Amino acid sequence: MAEASRILHTALIPNFSTLTQKTPCSRSQLISLPRRSTVRCSVSTTAANRTIPWGCDIDSLENASALQKWLSDSGLPPQKMAIERVEVGERGLVALKNIRKGEKLLFVPPSLFITADSKWSCPEAGEVLKRNGVPDWPLLATYLISEASVMKSSRWSNYISALPQQPYSLLYWTRSELDRYLEASQIRERAIERINDVTGTYNDLRLRIFSQYPDLFPEEVFNMETFKWSFGILFSRLVRLPSMDGRVALVPWADMLNHSCEVETFLDYDKSSQGVVFTTDRPYEPGEQVFISYGRKSNGELLLSYGFVPREGTNPTDSVELSSSLKKSDKCYKEKFEALKKHGLSASQCFPLRITGWPLELMAYAYLAVSPPSMNRQFDEMAAAASNKITSKKDIRYPEIEEQALQFILDSCESSISKYTKFLQASGSMDLDVTSPKQLNRKLFLKQLAVDLCTSEQRILYRSQYILRRRLRDIRSGELKALRLFDGFRKLFK
């Protein structure tokens with residue numbers, strides 16, 4: 001796996017230009033999938049997923065030796081690591097020799113990158129997509145399916161054969177599973193949004209291009225299930241390379257490295273060696289799994305793209321999204337909403353809480369939420385500071401309403417805590433309602449992921465609750481002391 005470069009935006013596909021005449025392309029070795037009906041919902045309502053006819057099991061080493069041989073024959077230099085089964089991540093790269101701290105590893109050449117400029121086995125299909133301005137993400141997703149479908153005719157056949165048939169991703173959770181297991185977490189909303197994005201992207205491609213070129217893009221191959229697979233691969237393996245002007249690529253071999261929260265080394269292109277490398281930040285002995293970082297992501301973000309949750313307390317960059325809303329009963333609701341809207345915000349917002357505290361944007365939003373009508377001239381300043389689109393004047397302070405603002409955040413925290421508590425208490429006796437052992441294992445696995453995520457997110461909320469209560473106690477204690485001092489002076493001069 002490798003760090004996904006960016007999240008999928010709602011509008012992935014622009015309005016395509018007028019489609020041109022179809023160009024035939026031979027697919028003599030095309031893999032046929034069962035024909036599917038039109039996709040009508042954003043998330044599957046059943047737990048059953050059709051099997052992709054390429055790739056391998058998530059923990060399989062069946063195609064590992066063929067992949068390593070192909071990579072070596074294709075220009076990958078000798079390696080100090082090999083693919084093996086591991087405790088963290090099913091498969092990973094394990095040290096074959098002693099590896100020093102500060103040592104550069106991998107050196108994957110650009111000829112082994114899969115990018116938007118990669119050569120298609122069916123060039124006519126690639127030309128159609130590029131001619132119609134398809135962006136990199138859906139272009140790469142379609143490219144992966146196209147290359148997988150022609151089997152051994154593709155130069156990437158050994159790589160694709162070593163990819164998982166079903167990537168660990170929330171794309172494979174059904175709507176009922178998301179609603180049941182992630183009801184307390186804001187990651188549920190992001191998962192639904194991502195699934196909607198992928199579904200919308202596929203439907204747009206199908207309507208505007210695939211249906212116009214059925215010989216190039218037969219529905220037996222280019223369907224919702226294969227797009228779910230290809231986007232799952234991209235979300236979990238695509239890497240952004242800063243030293244190549246932020247270019248995104250799939251980098252075979254490098255994407256077999258697993259993530260550790262204790263590691264701070266990233267993949268990048270090294271201009272001197274002309275290959276993708278990373279520099280170890282610790283030594284490794286033979287037999288030890290070698291790790292990189294997928295980025296400073298929360299446990300929820302790691303589950304969303306990569307399908308795993310680190311052990312509780314091991315992720316220093318973990319965070320939880322706190323939902324806060326303006327009260328519609330507020331006399332100044334309309335004015336406050338307009339101020340937020342002006343700066344790209346809505347009446348309900350989510351802000352990331354970390355174990356170390358909350359962002360300045362949340363405090364600014366809280367000031368706005370509790371501010372009285374007499375402070376209407378400051379509404380715009382508060383809304384601007386609550387937006388993450390500006391960099392100046394975020395640390396605004398209004399001592400006269402600080403207590404109310406902190407209480408507002410505390411109330412939001414405690415509301416979220418109650419949702420997590422309800423889920424975690426119910427999870428122990430949750431009826432999984434399945435009959436087959438395979439489905440039981442799946443449900444148990446998903447439930448455990450959800451419990452791990454909710455436990456870590458609730459832990460951050462509890463920490464924030466403690467800090468907020470202490471701050472409020474200090475403020476109220478200071479006010480009480482000031483009041484007592486004032487009373488003392490008043491009695492003295494009576």
Side-chain angles (χ1 to χ4, degrees), residues 3-4 7 168-170 173 177-194 235 259 261-262 293-326 345-366 369 386-388 394 405-427 446-472:
E3 180 190 356
I7 65 170
Y168 281 158
S169 169
L170 289 185
W173 290 40
E177 288 166 349
L178 290 170
D179 290 344
R180 189 175 198 186
Y181 299 129
L182 296 179
E183 60 178 335
S185 176
Q186 289 296 323
I187 286 298
R188 171 186 169 276
E189 296 299 323
R190 291 181 58 183
I192 293 172
E193 180 183 3
R194 179 167 289 188
F235 281 126
H259 169 82
C261 297
E262 299 172 357
S293 172
Y294 292 171
R296 296 178 178 88
K297 301 179 184 296
S298 70
N299 287 0
E301 290 170 322
L302 291 170
L303 176 61
L304 183 64
S305 291
Y306 306 102
F308 69 89
V309 178
R311 291 195 320 275
E312 184 185 356
T314 62
N315 184 359
T317 60
D318 195 14
S319 64
V320 58
E321 294 288 315
L322 180 69
S323 178
S324 298
S325 301
L326 295 179
L345 301 177
S346 63
S348 296
Q349 285 294 134
C350 286
F351 298 91
L353 293 183
R354 300 191 184 279
I355 201 72
T356 53
W358 49 89
L360 295 173
E361 291 88 348
L362 173 56
M363 195 66 197
Y365 182 92
S387 171
N388 59 9
K394 284 189 177 294
L406 291 172
Q407 185 64 52
F408 174 84
I409 299 173
L410 177 60
D411 291 343
S412 298
C413 276
E414 292 181 339
S415 175
S416 290
I417 287 171
S418 66
K419 294 178 183 177
Y420 283 96
T421 300
K422 180 180 177 182
F423 167 75
L424 291 170
Q425 287 176 345
S427 64
L446 298 188
K447 187 180 84 166
Q448 189 58 55
L449 283 173
V451 168
D452 290 345
L453 175 65
C454 289
T455 300
S456 70
E457 291 186 337
Q458 189 187 51
R459 172 175 171 264
I460 297 172
L461 287 166
Y462 273 133
R463 175 63 179 170
S464 297
Q465 180 191 49
Y466 170 77
I467 295 172
L468 285 160
R469 285 178 172 175
R470 191 177 64 184
R471 287 272 299 273
L472 284 166

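Given the structure is predicted, the values throughout are model-derived calculations rather than measurements. Just so you know, these numbers use all the heavy atoms, side chains as well, and skip hydrogens, waters and symmetry mates.
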Tested for side-chain contact (heavy atoms from CB on, under 4.5 Å) against Leu182, the lone hit among Arg190, Glu189, Arg188 is Arg188

When you compare the side chains of Thr421 and Gln458, does any donor N or O come within less than 3.5 Å of an acceptor on the partner?
yes

Distance-only, no hydrogens or angles: does the Asp318 side chain make a donor-acceptor pair with backbone N or O of Glu312 under 3.5 Å?
no

Without swapping roles, check the side chain of Arg354 against the backbone of Thr317 for a donor-acceptor pair under 3.5 Å.
yes

Short side-chain to backbone donor-acceptor contact, Ser456 and Leu453, under 3.5 Å:
yes

Check the orientation of Tyr365 and Phe351. Use parallel for under 30°, tilted for 30 to 60°, and perpendicular for over 60°.
tilted

Between Lys419 and Glu457 (salt bridge meaning N to carboxylate O under 4.0 Å), is one present in this structure?
no

Anything under 30° is parallel, anything over 60° is perpendicular, the rest tilted; go ahead and classify His259 against Phe308.
tilted

Side chain to side chain contact (heavy atoms under 4.5 Å, CB included) between Asn299 and Ile187, intermediate numbers included:
CA-CA 10 Å; Asn299 287 0; Ile187 286 298; over 6 Å; no

Does the pair Tyr462 and Cys413 meet the rule for a side chain to side chain contact (heavy atoms under 4.5 Å, CB included), with working shown?
CA-CA 8 Å; Tyr462 273 133; Cys413 276; over 6 Å; no

Does Ser298 offer a backbone N or O that forms a donor-acceptor pair with the side chain of Glu301 under 3.5 Å?
yes

Is it true that, when you exclude Glu262 itself, more than 12 heavy atoms of the residues, nucleotides or ligands shown sit nearer than 6.0 Å to its CD?
no

Could you tabulate the donor-acceptor pairs under 3.5 Å formed by side-chain atoms of residues 405-412, not counting sequence neighbours?
{"from": "Gln407", "atom 1": "OE1", "to": "Arg476", "atom 2": "NH2", "distance (Å)": "3.1"}
{"from": "Gln407", "atom 1": "NE2", "to": "Asp411", "atom 2": "OD1", "distance (Å)": "2.9"}
{"from": "Ser412", "atom 1": "OG", "to": "Ser324", "atom 2": "OG", "distance (Å)": "3.3"}
{"from": "Ser412", "atom 1": "OG", "to": "Phe408", "atom 2": "O", "distance (Å)": "3.2"}

